[in-house]
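Here is the structure we will look at, set down as structure tokens.
Keep in mind it's a predicted model, so treat the numbers as computed, not measured.
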Amino acid sequence: MEISSDSESGCNVPIKLGMEFDSDEHAYDYYNEYAAAIGFSVRKEYANKNRVHGKETRTGCLAHVIVSRQSNGRFRITSFEEKHNYPLVPPSLVHLLPSQRKIKMAQAYEIDLLDDSGIRPKASFDYAARQAGGQPFLGYTKRDHKNYLRDKRTDSLKHGVARSLVNYFEK
């Protein structure tokens, strides 16, 4: 797949009808990269084939990409609307959009290590931000950091309090 400049938007990640991908995740990642370059956030929504096309979204914006699985197992863009009914986010703020915020595996490992060492979430977030060269380069927000730790604790309790205590003491 060749990435070139889209003349209408100035984006280096063009979206065109008929583009094919190996998986729906690859299609999502590609569209998310396009969204970052343009200045909006994306979300996945699985639609039934019977749904009436053109249904309004939360903001009333009809911009979308529809990706359909083909008989050969690949995923093809079958519908694309690029016009938005709201102002787009400037490049300096794109990192704050929900679909652009992600904690990478190495970052998660570092968060776990700092948490296991007894370092408070605010201090570990500040440390990670400094390591990345500032919050804009970190790729996630302080809220994402806290949510990650909350989810980690919730998952550990799924095994039961007793098992969590055993795991804690084994560490």
In short, salt bridge (charged side-chain N to carboxylate O under 4.0 Å, His left out) pairs touching residues 85-103 with sequence neighbours left out are Arg101-Asp144
When rounded to the nearest 0.5 angstrom, what distance separates CD in Glu82 from CD1 in Ile38?
-> 7.5 Å
Remaining members of hydrophobic cluster (4.5 Å side-chain criterion), Ile119 = Leu114, Tyr127
Write out all pairs satisfying salt bridge (charged side-chain N to carboxylate O under 4.0 Å, His left out) with one or both partners inside residues 118-128, taking only residues at least two apart or from two chains.
-> Lys122-Asp126
Considering residues at least two apart in sequence or located in another chain, which fulfil the salt bridge (charged side-chain N to carboxylate O under 4.0 Å, His left out) criterion with Asp155?
-> Lys158
Partner set under side chain to side chain contact (heavy atoms under 4.5 Å, CB included) for Asn72, not counting sequence neighbours | Glu20, Gln70, Arg74
Taking the six-membered ring where the residue is Trp, are the ring centres of His64 and Phe80 under 6.0 Å apart?
-> no
dist Glu110:CD -> Met105:CE (nearest 0.5 Å) comes out at 14.5 Å
Cluster partners of Ile111, using ILVMFWY side-chain heavy atoms under 4.5 angstrom, listed by chain and number?
-> Ile103, Phe125, Leu138, Tyr140, Tyr148, Leu149
About how many Å separate OH of Tyr34 and CZ of Phe40, when rounded to the nearest 0.5 Å?
-> 5.5 Å
Contacts of type side chain to side chain contact (heavy atoms under 4.5 Å, CB included), residue Arg143, not counting sequence neighbours | Thr141, Lys146, Asn147
Distance, nearest 0.5 Å, that separates CG of Leu62 from OG of Ser79 | 10.0 Å
Counting distance only, does the side-chain N/O of Ser99 pair as donor-acceptor with the main-chain N or O of Arg43 below 3.5 Å?
-> no
Please list, chain by chain and in numerical order, all residues satisfying side chain to side chain contact (heavy atoms under 4.5 Å, CB included) with His26, sequence neighbours excluded.
-> Phe21, Asp22, Ser23
With sequence neighbours left out, write down each residue that passes side chain to side chain contact (heavy atoms under 4.5 Å, CB included) with Pro87, or none if nothing qualifies.
-> none
Report the residues that fulfil side chain to side chain donor-acceptor pair (under 3.5 Å) with Gln100, sequence neighbours left out, ordered by chain and then residue number.
-> Asn32
Can you list the other members of the hydrophobic cluster that holds Leu97, where links are side-chain heavy atoms under 4.5 angstrom apart?
-> Val89, Leu93, Val94, Leu96
By salt bridge (charged side-chain N to carboxylate O under 4.0 Å, His left out) - contacts of Lys152 (at least two apart) | Asp112, Asp115, Asp116
